[in-house]
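Structure first, then comments.
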Amino acid sequence: MTLLDVKDLVVRYDTGDGPIHSVNGVSFTIEDGVNYALSGESASGKSTTAKAILGLLPNHAVIESGTIEFEGRDLRTMTPGERQDLLWEEIAFIPQTAIDALDPMMTVGGQIRQAVQIHRTVSEERASRRTRELFETVGLNPGRTEDYPHQFSDGMRQRVVIAMALALDPKLIIADEPTTGLDVVVQDEIIDNILQIQEETDSSLLLITHDLSVIAETCDEMSMLYGGTVMEQGRIDNLLLNPSHPYTMGLRNAYPALDVEHDGDLVSVPGEPPNLDSKPTGCVFEPRCPFATDTCSETVPDLEKLPYRNHWIACHHVEQSNRMRSEAEDSST
Ligand code: ATP
Ligand code: MG
């Protein structure tokens, strides 16, 4: 069953310096039980996409078009109240910085109990028991539920936020760079923790990260974004072992520490991030692409399925990149 279906999403920010076209027609689908990754360089539109789904865009953002459906219900046409309930009960959000999600004036346990009691008719005692259980699940000392956020380290605060997100057994967990800024050992622990819980609770995961090795470890499918556009989409093994978009090929090279076999030097991605002042009139990656031709600057390539597997590419020169990849593989063996 389809859990989340995002179609042709277009989001613009109206700033004092003019519009920024941050998301330009993003589509992807998360099936029940699938762990899905959104990746891409900084400013590729990952957080904007997540915020559009969660209804957390700032006032100067405009969703120009597109649909966002959760189990067939359109999030864009829901009343704020309906959406609020759905977000707590069925979609949980783990933001990048835990401190933003916590009230400094309230004990962490108090915050979790409050969330549980607003959405479920349970006694204070039942809510407290649930809070202690959640603390244990995320590897926190259940004796510390009455401590305040500042009494915890960054990594522990992130666990508190995970516990809070799980309080109501969500169907989908959206985590935006949940480990950025934490040290590497803690990062691994948090990722293991999210995975373990998510398996236990049978929820799906939308993980936003630029870290391809984390994706290789945790996810089944992904979309690679660039300039607010999906460049490549499909199963992780296809994308990371056989990237077919020049952008992903370049990124693979930029992240050699992958948990999958590294297949030699491919192409690099020199150049500047795209200018998003105006909507792209051709392929947004064209200025940095080693294969670019006139067609690329004139026509936006459609996301098209490769004939032989669940793998979609938006590129006018898929065959050429595939040929180049085979040649690079041959020469490295
Ligand atoms: P990162 O990896 O750095 O988190 P991202 O892929 O999440 O990047 P977004 O935060 O979605 O990227 O940003 C996409 C584009 O939208 C960028 O050009 C950014 O400058 C712009 N943008 C993001 N938030 C705002 C905002 N609140 N106001 C104006 N522009 C914004
Ligand atoms: Mg972001």
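What you see is a predicted model; the values in this text were computed from it and never measured. Counting starts at 1 for both ligands and their atoms, following the listed order.
Taking every non-hydrogen atom of T15 and a distance limit under 4.0 Å, the qualifying atoms of ligand 1 come out as 29 (C). Those atoms of ligand 1 that come under 4.0 Å of a heavy atom in L276, given as number and element, are 18 (O).
The nearest N, O or S atom of T48 is not closer to the Mg ion (ligand 2) than 2.8 Å.
For S42, a nitrogen or oxygen atom sits less than 3.5 Å from a nitrogen or oxygen atom of ligand 1, counting backbone and side chain alike. Considering backbone and side-chain N/O of I20, none are found under 3.5 Å from N/O of ligand 1. Considering backbone and side-chain N/O of G45, one or more are found under 3.5 Å from N/O of ligand 1.
Note that NE2 of H316 and CD of E304 are 9.0 Å apart. Values are rounded to the nearest 0.5 Å. Residue K171 holds its NZ atom at 11.5 Å from OG of S203, rounded to the nearest 0.5 Å. For the atom pair CD1 of I236 and SG of C219, the computed distance is 5.5 Å after rounding to the nearest 0.5 Å. Note that the CD1 atom of I313 and the CG atom of L303 stand 8.0 Å from one another [nearest 0.5 Å].
When the shell of 6.0 Å around NZ of K305 is examined, it contains more than 12 heavy atoms from other residues, nucleotides or ligands.
There is a protein heavy atom less than 4.0 angstrom from atom 29 (C) of ligand 1. Within a 4.0 Å radius of atom 20 (O) of ligand 1, the protein has no heavy atom.
Within the structure, ligand 1 has H60 among the residues with a heavy atom less than 4.0 angstrom away.
For atom 14 (C) of ligand 1, the choice among A43, P19, G227, A52 with the nearest heavy atom turns out to be A43. For atom 13 (O) of ligand 1, the candidate residues are I208, T48, D17; the nearest heavy-atom contact is made by T48. Taking all heavy atoms of A61, S22, S44 into account, the minimum distance to atom 16 (O) of ligand 1 is reached by S22.
There is a path of hydrophobic side-chain contacts, each under 4.5 Å, that joins I63 to V23.
Between D74 and T67, the shortest heavy-atom contact is OD2-CG2, 4.4 Å.
With hydrogens left out, the protein atom closest to atom 2 (O) of ligand 1 is K46 NZ, 2.8 Å, a heavy atom. The closest protein non-hydrogen atom to atom 23 (C) of ligand 1 is Y13 CE1, 3.5 Å.
Using the six-membered ring where Trp is involved, H150 and Y148 have ring planes that are parallel, under 30° apart on the 30 and 60° scheme. Between Y36 and F28, the ring planes lie parallel to each other; the angle is under 30°, not in the 30° to 60° tilted range.
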